[in-house]
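Each remark here refers to the structure printed beneath this line.
Keep in mind that this is a model prediction, so the values were computed, not measured.
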Amino acid sequence: MSSRTTATMRAVSPRAWGAPDVLVPVEVDRPEPGITEILVKVHAAGVNPVDWKTRAAGEFGTWGDTPILGYDVSGTVEAVGPGVTLFAPGDEVFGMPRFPEQAGGYAEYVVAPARRFARKPANIDHVEAAALPLAALTAWQGLIETAELRAGQRVLIHAAAGGVGHLAVQIAKAQGAYVIGTARADKHDFLRSLGADELIDYTTTDFAEAVRDVDVVLDGVGGPYGDRSLPVLRRGGHLVTLPDPGGLPDAERARQAGVHTGWTIVEPDRHGMLEIARLVTEGRLRAEVAETFPLERAAEAHAMGELSRTQGKLVLTVA
């Protein structure tokens, strides 16, 4: 009489919440796809600020007995569950599954609903694709859906060279907007290559004195940047805050200024993923990959990310 052996996979998990070195390689059961789910063999996984902030304190997200970080994945469909019609084994896909629940991107395999994924554009590899979902969806939802950015409008993007920022620059340009970005001077040539129209070195210039008549501000910094951004906005303009709601300006000040303010958190969204894939295919959106690390060196990626000087995204290579 034979016994069934459960397949396992490599992953990286924090043995406790804390410094980067809590991330250690583990072996866990390989998941199986349920109804409307797909099993994806992960080729690459993006690393995002939410990953290292969660690892440090464990205050965000919903975690299982063995927490596995990572929301950005790109890979190949290994198997499909009952009811899946969008994909078949062998299809290349990328997506941001399950956020803010445990998606488990820092692993060899991920299971998630099929509609959390889109087909990977053929003109990029898995590393570039894994750098896109969370950051690009954040920029898309903040600029296009929340602020309703339109052609001809002026947008100010804080931290324009960062993971979300450099994608937001390109999405805004693809929408036909005039793009102003804040970044250190050594990042300006890079941002001009992405289409930025005007750049401000925040280490030498106060953006609140240099910019006026902006329709949309995308604040990827938080803290005092929300209050400081109010004077640059036109009446009827939108201030979209990303890091946390604590960065929102005083509601009465915003009302008097005639500015719409709000904190937005990214959501899994197949429509947005399809739009991102379209822009990539058309050559109007690309992810800058600052550095890649093998899965087992996720702790090094977190340590680098926490320095907050990265241009673009960090990615783990898995398969």
* Do any N or O atoms from the side chain of D29 and from the backbone of T8 form a donor-acceptor pair under 3.5 angstrom? -> no
* Asked: Between the side chain of Q141 and the main-chain N/O of E267, is any donor-acceptor distance below 3.5 Å?
  -> yes
* **Reported CG-to-OG1 distance for the pair L156 and T182, which is rounded to 0.5 angstrom** => 6.0 Å
* Test item: I265 and F99 side chains (from C-beta on) under 4.5 Å apart, heavy atoms -> yes
* So do the side chains of T317 and H43 get within less than 4.5 Å of each other, counting heavy atoms only? -> no
* Asked: Can you check whether D21's main-chain N or O pairs, donor with acceptor, with R15's side chain at less than 3.5 Å?
  -> yes
* Asked: Closest heavy-atom contact between A88 and V80?
  -> CA-CG1, 4.2 Å
* Without swapping roles, check the side chain of T138 against the backbone of V164 for a donor-acceptor pair under 3.5 Å. => no
* Compare every heavy atom of L285 with every heavy atom of Q170, then report the nearest pair and how far apart it is. => OE1-CA, 3.3 Å
* Just by distance, do the side chain of D72 and the backbone of A45 share a donor-acceptor pair under 3.5 Å? -> no
* Are a donor atom and an acceptor atom from the side chains of Y71 and D51 found within less than 3.5 Å of each other? -> no
* Asked: Is L69 close to W63 at the side-chain level, that is, under 4.5 Å between some pair of heavy atoms?
  -> yes
* What are the two closest heavy atoms between P20 and A299, and how far apart are they? -> O-CB, 3.2 Å
* Asked: Side-chain contact, heavy-atom cut-off 4.5 Å: R270 with L86?
  -> yes
* N-O pairing of E108 and R10 below 4.0 Å -> yes
* Asked: Heavy-atom distance under 4.5 Å between the side chains of S74 and V93, does that happen here?
  -> no
* **R55 side chain to W17 backbone, donor-acceptor under 3.5 Å** => no
* Which distance, rounded to the nearest 0.5 Å, do you find between the CZ of R235 and the NE2 of H260? -> 10.0 Å
* Any Lys/Arg nitrogen of R286 or E288 sitting under 4.0 Å from an Asp/Glu carboxylate oxygen of the other? -> yes
* Asked: Under 3.5 Å, is there a donor-acceptor pair linking the side chains of T76 and E92?
  -> no
* Asked: Atom OG of S13 and atom CD of Q102: how far apart are they, to the nearest 0.5 Å?
  -> 8.0 Å
* Do the numbers put R297 on top of the ring of F293, so that NZ or CZ is under 6.0 Å from the six-membered ring centre and no more than 45° off the axis? -> no
* To do: May I ask you to decide if A183's main-chain N or O and H188's side chain share a donor-acceptor pair within less than 3.5 Å?
  => yes
* Would V47 and V289 show up in the same hydrophobic cluster when neighbours are defined by side-chain heavy atoms closer than 4.5 Å? -> no
* Asked: Quick one: does K120's side chain have a donor or acceptor within less than 3.5 Å of a partner on I124's backbone?
  -> yes
* Asked: Can you tell if the side chain of D269 reaches within under 4.5 Å of the side chain of E145, non-hydrogen atoms only?
  -> yes
* Asked: Between G222 and P243, what is the shortest heavy-atom contact and its length?
  -> N-CG, 3.6 Å
* Side chains of T261 and H238, donor plus acceptor under 3.5 Å -> no
* **Exercise: identify the closest heavy-atom pair between A298 and V12** => CB-CG1, 4.0 Å
* Salt-bridge criterion met for E128 and K313 (N-O under 4.0 Å) -> no
* L143 side chain reached by V240 side chain, heavy atoms, under 4.5 Å -> no
* Does R150 come within less than 4.0 Å of D215, counting only side-chain N to carboxylate O? -> no
* Asked: Going through the distances and angles, do E32 and V111 end up as a side-chain contact (heavy atoms from CB on, under 4.5 Å)?
  -> CA-CA 7 Å; E32 295 296 330; V111 154; 5.8 Å; no
* Asked: Under 6.0 Å between ring centres, would you say that holds for H126 and F94?
  -> no
* Is any side-chain heavy atom of V24 less than 4.5 Å from a side-chain heavy atom of V26? -> yes
* Show the numbers, then the answer: is there a salt bridge (charged side-chain N to carboxylate O under 4.0 Å, His left out) between D197 and K173? => CA-CA 9 Å; D197 298 289; K173 286 304 295 183; 3.0 Å; yes
* Asked: Would R253 and D227 pass as an ion pair if we require N to O under 4.0 Å?
  -> yes
* Say whether, by atom type as modelled, one donor and one acceptor occur between the side chain of S193 and the main chain of F190 under 3.5 angstrom. => yes
* Structure fact -> For A79 and P89 the tightest heavy-atom approach is CA-CG, 4.3 Å
* **R154 side chain vs D213 backbone, donor-acceptor pair below 3.5 Å** => yes
* Structure fact -> One should read off an interatomic distance between L230 CG and R228 CZ, to the nearest 0.5 angstrom, of 12.0 Å
* Calculate, to the nearest 0.5 Å, the distance between atoms CD and CD1 belonging to Q175 and I144 respectively. => 3.5 Å
* To do: Could you grab the distance from atom CD1 of I157 to atom CG of L191, nearest 0.5 Å is fine?
  => 9.0 Å
* Spell out, yes or no, whether V127 and V40 are grouped together once hydrophobic residues are joined by side-chain heavy atoms under 4.5 Å, including indirect joins. => no
